[in-house]
K.L.:
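Quick one: the structure is below, and I'll ask about it shortly.
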Amino acid sequence: REELAEAPPPSPMTDEALSFFCQMNISEHAGPKGQIHLKGMPGPIFFAQVRDLVAYLKSPERDAEITAIYVSDMGAAQNWREVGHENWISAESAHFVIDAGVAGGMGAPEIVPFANAGAAQDFAARYGGSIVALSAIPDAAALAPVDLDTPLEDPA
Amino acid sequence: MGEIVLNIENAGKSRAALQVLDGVSLNAATGQRIALLGHNGAGKSTLMKAVLGLTPLSAGRISVAGSAPGSAAARAATAYLPEAVAFHKSLTGREQLTLFARLADCPVAQVAGYLDRVGLSEAADRRIGTYSKGMRQRLGLAQVLLGRPKLALLDEPTSGLDPISRHELYAIIDEMAELGTAVLIASHTLTEVEARTDRIAILRAGRLVADDTLENLTLRAGLPTRLRIRANGDAAGRIVDATGGTRVNGMSVDLLCAPERKMTELRRLSAMGDVVADIEMHPPRLEDLYRHYSTGENH
Amino acid sequence: MGEIVLNIENAGKSRAALQVLDGVSLNAATGQRIALLGHNGAGKSTLMKAVLGLTPLSAGRISVAGSAPGSAAARAATAYLPEAVAFHKSLTGREQLTLFARLADCPVAQVAGYLDRVGLSEAADRRIGTYSKGMRQRLGLAQVLLGRPKLALLDEPTSGLDPISRHELYAIIDEMAELGTAVLIASHTLTEVEARTDRIAILRAGRLVADDTLENLTLRAGLPTRLRIRANGDAAGRIVDATGGTRVNGMSVDLLCAPERKMTELRRLSAMGDVVADIEMHPPRLEDLYRHYSTGENH
Amino acid sequence: PLRDGAIAETLDLAAPGDTLRLRPGTYVEKTLLDKSVTLDGGGVATLDGGGQGSVVTITAPNAVVQGLTIVGSGSDHESIDSGVQLLKGATGAVVRDNHLIGNLYGVDIHGAHDALVIDNRIDGRQDRRMNDRGNGIYVWNAPGAQVTGNDVRWGRDGIFVNSSKRNLFSDNRFRDLRFAVHYMYVNNSEVSGNISIGNDLGYAVMFSKRVRVTGNLSVNDREHGIMLNYTNSSEITGNSVQNGENRCAFLYNSNKNTFSGNRFQGCEIGIHFTAGSADNQITGNAFIANRTQVKYVSTRWDEWSMDGVGNHWSDFAAYDVDGNGIADTAYRPNDVMDQVLWTQPAAKLLLGSPAVQLVRWSQAAFPALLPGGVMDSFPLMQPAPVSVPEFGGDLDG
Amino acid sequence: MIRRILAVAMIEATITRRNRWLLMATVIMVLFAVALTLAGSAPTGTLGVNMLTVSVASMTTLSVYLAPLLALMMAFDSIAGEAERGGLGLLLSYPVSRAEILLGKFVAHLSALAFAMIVGFGVAGGLAAVQGGVDAASLVALVRLILTSILLGAAFLALGYMLSALAGSATGAAGLSAGLWMVFVVLYDLGLLGAVVFDAGGWFTQTLFPWALAANPADAFRLWNVAASDGVAMATGLSGAASALPDWVAPTSLLLWPVLALLLARYFFERLEP
Amino acid sequence: MIRRILAVAMIEATITRRNRWLLMATVIMVLFAVALTLAGSAPTGTLGVNMLTVSVASMTTLSVYLAPLLALMMAFDSIAGEAERGGLGLLLSYPVSRAEILLGKFVAHLSALAFAMIVGFGVAGGLAAVQGGVDAASLVALVRLILTSILLGAAFLALGYMLSALAGSATGAAGLSAGLWMVFVVLYDLGLLGAVVFDAGGWFTQTLFPWALAANPADAFRLWNVAASDGVAMATGLSGAASALPDWVAPTSLLLWPVLALLLARYFFERLEP
Ligand SMILES: Nc1ncnc2c1ncn2[C@@H]1O[C@H](COP(=O)(O)OP(=O)(O)OP(=O)(O)O)[C@@H](O)[C@H]1O
Ligand SMILES: Nc1ncnc2c1ncn2[C@@H]1O[C@H](COP(=O)(O)OP(=O)(O)OP(=O)(O)O)[C@@H](O)[C@H]1O
Ligand SMILES: [Cu+2]
Ligand SMILES: [Mg+2]
Ligand SMILES: [Mg+2]
């Protein structure tokens with residue numbers, strides 16, 4: 001897309017970064033993170049879970065025009081807990097594992113992004129789920145009500 | 001004299017501090033042509049508007065063909081030419097006249113004839129906005145002809161008309177009068193009015209100061225006749241001495257004398273024998289009468 | 001003859017299908033009073049508007065005091081009295097005239113004087129909406145006096161004016177002319193114009209068909225002089241037979257003769273001896289001239 | 001005894017059920033209550049932890065800490081350095097009437113069951129950034145813990161409760177914090193009668209079920225007065241949120257909750273629904289003078305009334321011709337223009353333009369045009385009264 | 001009498017056509033109606049509501065604003081202007097009564113207005129129908145909209161004549177007309193709303209208010225259109241008031257207004273001195 | 001030149017006073033501004049801004065409607081009417097250029113408008129200040145509102161002259177003015193709104209839209225007032241969005257429009273044959 005040419009670079013994750021919806025510090029939580037850059041705003045808005053980022057994208061609400069979307073590359077993450085501060089990849093090019101039954105940093109079922117399709121397949125092979133592109137993530141994966149009693153796996 | 005068509009009794013009209021009309025009484029009978037004279041602001045137009053019922057009077061009463069002014073009957077009996085004719089400029093002459101014909105209950109087929117009569121046949125289908133001033137006046141004239149009015153109120157009808165149309169106009173007025181219309185003409189063109197009207201009414205500051213035939217007015221005014229006496233040879237000096245006249249370019253002497261003294265003077269001059277080569281007699285003209293009545297001056 | 005103030009060369013103006021002006025050439029020099037005559041719709045007002053630069057010409061050129069019409073210089077040199085004066089009715093006469101004085105760069109202190117001059121001092125502080133037609137015309141006149149125009153364009157200046165104001169008007173025109181203003185007067189009142197102008201121009205359907213002094217026009221027109229011969233006794237019949245004139249009310253005979261034949265006819269009549277009791281000579285008047293030039297008819 | 005270590009020595013001697021009354025003064029030492037004793041500062045004694053670890057640690061059941069001023073905890077988040085730490089085993093422990101000043105955490109109820117934290121005053125740290133501060137009261141896996149009548153100021157969250165159940169947090173006052181009350185993974189608990197003033201967020205309930213939030217007051221909280229995040233089957237009743245700079249109430253992926261009898265007043269947004277929040281019942285609330293009363297982007301209709309009772313809307317100039325207290329016509333807080341503005345931020349430039357007002361106006365006259373959203377078929381003419389603690393208005397006392 | 005009224009009407013119709021009022025009014029109507037229909041269609045497209053109903057609903061509100069506006073604009077000049085230009089005196093010297101002149105103008109202007117309404121709403125309605133289908137009910141609503149709009153226009157035409165006769169000058173009449181528009185279309189309702197809010201469901205709200213509402217022709221127009229169409233009625237802020245009134249009130253008000261206003265116009269016209 | 005402009009301006013001012021336009025405009029402004037301020041005071045709640053700011057925000061919207069309307073109403077008659085009545089020919093025979101006449105009228109009408117604005121907004125602002133306090137920022141916003149309203153009025157005055165010169169008749173000019181008002185104040189934005197919704201965040205919305213918006217004087221006015229004051233932006237709900245354009249764009253547009261429109265008016269006035 002055209003605006004990618006002028007897209008701002010990803011911001012490193014800091015300890016101050018608050019998750020957009022729940023106002024909690026994302027660095028304190030495990031699992032993949034996301035950030036969305038909006039036109040006219042100094043910094044990106046962060047998401048403690050990729051699921052929430054996708055929910056934001058799927059919501060018709062817009063605070064401003066989106067200029068860039070980044071998610072953590074879990075292939076480049078040290079482990080599930082230490083996702084890394086700099087390993088952002090463009091969400092448009094990422095491979096997402098859905099329905100893996102894994103819990104994100106906040107505890108909701110997570111959508112797990114990878115830069116590398118192979119890494120994604122490895123993850124899916126281990127935890128289940130399927131691999132899709134950003135635009136193909138079904139609404140249910142991000143918006144469906146979450147039954148808190150459903151047990152989820154905490155990946156390593 | 002025919003039937004009285006217009007009867008104005010003691011009409012008065014005040015506007016703010018101004019007494020525009022003051023005790024005006026005037027009658028017009030069928031077939032009469034009456035000139036209404038007066039200086040600017042004397043109240044001529046106001047009087048006409050009052051007769052039309054456009055302006056209510058503050059005193060007195062008016063009846064038009066036996067009806068109150070402004071009543072349907074009165075309006076059916078009246079034709080009016082305003083002093084400032086204004087038509088809707090986006091209509092053509094024919095359309096405008098057709099409207100009036102319809103309102104006056106006059107066959108629309110006659111419209112073309114009337115337009116021709118006032119010399120507008122060529123311009124009939126052009127918009128009135130493109131008419132010259134005189135052409136608009138002519139259109140105004142044409143609408144006066146519609147129907148068979150018992151009373152025509154013409155407010156400065158010749159204004160804007162070219163000399164030939166003026167003659168036409170007076171021909172039209174004569175024709176209307178002959179057909180029994182009483183015509184009231186407010187005008188400032190005394191020379192024309194002089195010859196063409198039966199009676200002359202003069203307003204001065206809202207009061208009617210004269211209302212009679214030209215002859216009677218002349219008589220009543222008692223204005224002097226001017227005698228111009230041409231002297232034979234160099235007798236002019238002698239004539240001046242004898243008559244008390246004023247010398248005019250050497251050879252002639254002008255003498256003003258009141259009507260009742262005219263014959264006396266003539267006899268005295270005749271008696272002077274052949275020093276008098278010629279005598280011209282200039283009776284007072286309407287202009288002098290007008291000056292006399294309308295200003296209240298005495299010469 | 002003074003300096004040329006107005007120079008119209010070959011002016012042409014077409015409006016839709018109409019040729020309103022067609023090759024009109026006319027000059028006016030300082031101090032000249034020129035009458036502009038013509039039937040309704042001949043193009044007089046259009047010519048004036050063209051001189052003012054209000055209406056662009058389609059052909060020819062005009063210069064006013066050496067400038068193009070409508071230029072600031074030309075407008076500064078020109079005074080104009082429109083045929084239909086219209087002022088804002090909610091202003092008083094004094095306010096309106098003051099505006100014009102300011103625009104004409106004329107001391108505002110003089111406004112009162114001009115209002116007095118046209119007889120409006122009493123009405124000066126009333127709204128123009130309450131003025132009579134003649135009063136509005138007078139106000140129009142007052143604004144012509146402002147400044148010292150080199151050229152005055154008066155479009156039917158006497159329309160609406162009462163007889164006394166008319167005299168005033170011509171006095172004013174004479175005064176302006178004496179002070180060097182070239183005055184162009186479009187008018188239909190021939191009697192007034194006849195005596196008061198230096199030159200006469202006649203438009204016919206947009207073409208200038210005459211432009212000269214009254215005498216020259218008369219000469220050139222070659223209109224017949226009317227001789228009225230009063231017969232002695234019952235000799236009228238004989239005179240008719242001899243001259244080919246027309247009998248008028250029994251006793252008199254009217255005979256039209258061309259200028260060059262006038263003396264011949266006179267001699268012949270003299271030779272007839274005492275059958276001829278009296279001869280009156282009526283040379284053609286402006287009205288006849290106008291008829292001749294403006295209609296192209298020959299009587 | 002004022003010597004350092006004096007308390008520890010005395011405690012060694014004490015028997016369960018004893019009460020230790022401290023003499024006035026400051027005791028610089030860390031205290032471990034591993035017996036069921038009462039440590040009473042009488043309002044005049046100060047315990048100073050010396051900047052290492054927790055000042056008082058309780059491991060014994062039914063121990064009581066009261067009347068103390070407690071300062072000088074360590075600064076380690078890893079070990080949760082606190083003024084008072086109630087560890088597993090401290091069942092029924094009571095922390096009462098203490099003044100905890102500048103500790104990383106005020107009270108940490110860490111695995112202790114049925115603990116009581118009552119009437120303490122907890123002034124957290126102001127020196128660090130919000131992130132690095134600890135919570136006023138941290139409750140972790142402490143079923144039955146009750147936190148009541150405390151006054152918490154500064155620090156991170158007033159009460160942060162994580163993975164717990166059956167807790168009661170009532171009648172506390174929270175100021176100058178991040179969240180007043182923060183729930184994570186807690187079920188069957190209650191928050192009632194608390195006051196939250198000028199915090200980032202008032203009452204945040206996340207990943208929890210069956211929580212009752214009732215009779216609380218939120219004043220001048222910056223982000224949200226009440227937030228439900230992945231929270232289901234909870235009851236939010238009789239709360240009052242006033243003058244929130246952002247939202248009075250915010251729901252994100254929260255379902256089957258009940259909002260009733262609340263008053264949401266003077267916020268930028270009265271209540272905001274986002275992604276996948278459904279089946280919530282909203283009745284009897286009063287939405288007063290919020291700039292946007294409801295923000296709910298939806299293409300389907302959501303009825304906000306039950307059994308003929310809806311909510312009160314201060315911006316709804318309605319007629320009640322029959323005088324039954326219920327407006328004669330339905331109320332729809334949002335129109336097409338709102339939807340356009342929420343989804344097309346660029347169109348905000350047109351705000352205040354007559355064109356926008358024309359659209360709004362015709363929408364207002366003919367809401368049949370609306371593309372879905374909230375509808376209240378039985379709007380209340382008058383707001384229902386709420387009973388929340390008085391907010392005295394003294395922000396410094 | 002009819003003949004004279006028609007004569008005046010024909011001339012006025014010619015003038016209305018010549019000075020492009022007919023064109024203007026029609027263009028304005030078409031533009032607005034179509035713009036509103038298209039603008040409304042974008043976000044409502046997914047709703048599955050009959051487009052024509054939606055369009056008619058929007059256009060009803062539009063008409064509350066436009067019909068009075070266009071009517072007043074056509075009317076404000078027609079007496080004052082003619083008096084100012086001087087043609088009125090002459091016209092009144094003819095045996096045509098002022099009432100007839102008034103009616104003649106009324107007929108002509110109302111025809112022009114009706115033409116503009118029919119074309120404007122017709123085109124927009126057609127567009128909506130093409131895009132989103134028609135049913136009988138929505139067609140009836142469209143026809144009702146057009147007819148009531150013409151009635152509303154008639155009321156304001158007559159009010160415009162009244163002001164034109166009152167004002168003395170065309171500019172004055174323009175100003176008064178603008179004021180009248182504001183009062184009837186905006187301020188009146190604002191005042192009533194204020195009173196209702198202040199009254200808080202008391203006597204005024206329950207008894208006087210619906211009648212006061214119906215007394216304003218613009219509101220009567222709205223009430224009529226709303227009450228007559230089930231779909232819209234329930235949804236509108238006016239339905240409460242509408243149902244508080246007998247069915248005949250709003251139509252009666254809207255039908256009475258033109259008559260009443262014409263009588264008023266005639267009264268003031270009779271008093272005018274040209 | 002200045003002398004002549006002032007002479008024309010003085011006369012126009014007298015006329016404006018005599019035909020009660022000045023009074024009308026002032027009364028309308030005061031009524032509306034005060035009504036809006038009083039009505040607005042109740043439900044806005046605490047936005048962290050004071051009453052005056054809230055009042056200024058509402059009055060900004062009001063001014064978008066009223067300033068163009070009043071300006072057009074003052075302007076529409078001033079050339080066409082005078083030409084129609086016949087006074088223009090005489091005036092133009094004087095050594096005063098059409099530009100000077102135009103400027104004279106402009107000065108007079110603008111003064112009248114400015115008077116109405118200052119009184120109207122001043123009274124309302126004072127009221128708001130008395131009720132809810134003032135601070136420097138809100139006072140500045142009020143002054144800015146008044147000044148920009150005058151600028152907006154100036155633009156539409158000049159546009160009104162243009163139409164008046166174009167139309168040929170006063171009624172025609174009235175119609176055109178109504179059309180122009182509709183286009184600039186309503187239709188233009190409606191079109192843009194439609195385009196934005198239709199475009200759904202595409203190229204048009206991102207690049208052209210803000211500029212297209214600022215190109216309309218009515219929108220430029222709004223943007224300027226909103227963008228320049230945080231308080232007003234907040235009270236309008238526009239905060240953030242206004243920053244889509246560089247700061248200078250809206251003021252430049254609003255300052256250019258009167259000049260541009262005057263030039264246009266002059267162009268058409270020059271071509272007018274009285
Ligand atoms: N605006 C216009 N559009 C079209 N034709 C016009 C326009 N103005 C004048 N005419 C035509 O031009 C011709 C000349 O008009 P003009 O007013 O110059 O006549 P005039 O000589 O002044 O006549 P009058 O003695 O009646 O004043 C007329 O035929 C008139 O109809
Ligand atoms: N509407 C009015 N309001 C106040 N005064 C008026 C009004 N109309 C006319 N007048 C005054 O009434 C007097 C008579 O006016 P009127 O028009 O009858 O005069 P007129 O004799 O027709 O004059 P003219 O020869 O100039 O046409 C004048 O002094 C005039 O100023
Ligand atoms: Cu949380
Ligand atoms: Mg008169
Ligand atoms: Mg002429």
Side-chain angles (χ1 to χ4, degrees), chain E residues 15-16 18-29 31-32 34-45 62 65-66 69-70 72-78 80-82 84-86 167-179 181-183 186-187 190-191 193-194 197-198, chain F residues 15-16 18-25 27-28 31-32 35-36 38-39 42-43 62 65-66 69-70 72-78 80-82 84-86 167-183 186-200:
Chain E
I15 292 172
T16 306
R18 295 259 164 83
N19 66 15
R20 271 164 291 163
W21 253 117
L22 183 64
L23 182 74
M24 281 284 303
T26 311
V27 166
I28 289 178
M29 283 307 304
L31 267 184
F32 266 80
V34 167
L36 207 66
T37 301
L38 292 185
S41 78
T44 47
L62 177 70
Y65 294 92
L66 270 193
L69 196 69
L70 289 177
L72 288 173
M73 289 203 133
M74 280 188 180
F76 84 89
D77 186 64
S78 59
E82 216 157 308
E84 229 176 2
R85 282 187 293 271
S169 80
T171 31
L176 284 182
S177 298
W181 185 85
M182 298 264 189
V183 167
V186 184
L187 294 182
L190 225 53
L193 199 61
V197 168
F198 182 79
Chain F
I15 293 173
T16 306
R18 293 257 165 85
N19 64 18
R20 272 162 290 162
W21 254 119
L22 182 64
L23 183 73
M24 280 280 303
V27 166
I28 290 178
L31 268 185
F32 270 79
L36 207 67
L38 293 185
L62 175 72
Y65 288 95
L66 271 193
L69 196 69
L70 289 177
L72 286 173
M73 290 203 131
M74 281 187 180
F76 84 90
D77 186 65
S78 62
E82 216 158 311
E84 228 175 3
R85 283 187 291 270
S169 78
T171 30
L176 285 181
S177 298
L180 187 91
W181 185 86
M182 299 265 188
V183 166
V186 183
L187 287 182
Y188 187 90
D189 288 3
L190 213 57
L192 283 186
L193 186 65
V196 164
V197 169
F198 182 78
D199 183 57

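Numbers restart at 1 for each chain; the letters A, B, ... are given by sequence-line order, proteins then strands.
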K.L.:
So, using side chain to side chain contact (heavy atoms under 4.5 Å, CB included) as the criterion, who are the partners of F:Ile28 when residues are at least two apart?
P.N.:
F:Met24, F:Phe32, F:Leu66, F:Leu70
K.L.:
How long is the straight-line distance from CZ of F:Arg18 back to OG of E:Ser169, given to the nearest 0.5 Å?
P.N.:
13.5 Å
K.L.:
With only heavy atoms counted, which part of F:Leu176 is less than 4.5 Å from chain E, the side chain, the backbone, both or neither?
P.N.:
both
K.L.:
Heavy-atom distances under 4.5 Å only: say whether F:Ala167 touches chain E with side chain, backbone, both or neither.
P.N.:
backbone
K.L.:
At their closest point, which heavy atom of E:Ala178 faces which heavy atom of F:Met73, and how far apart are they?
P.N.:
CB-CE, 3.3 Å
K.L.:
At what distance, to the nearest 0.5 angstrom, does CZ of F:Arg85 lie from CD of E:Glu84?
P.N.:
6.0 Å
K.L.:
What part of E:Met74 is in contact with chain F, defined as an atom under 4.5 angstrom from a non-hydrogen atom: side chain, backbone, both or neither?
P.N.:
neither
K.L.:
Taking side chain to side chain contact (heavy atoms under 4.5 Å, CB included) as the definition, give me every residue that meets it alongside F:Asp189, ordered by chain and number, with sequence neighbours left out.
P.N.:
D:Leu350, D:Ser353, D:Ala355, F:Leu213, F:Asn216, F:Asp219, F:Arg222
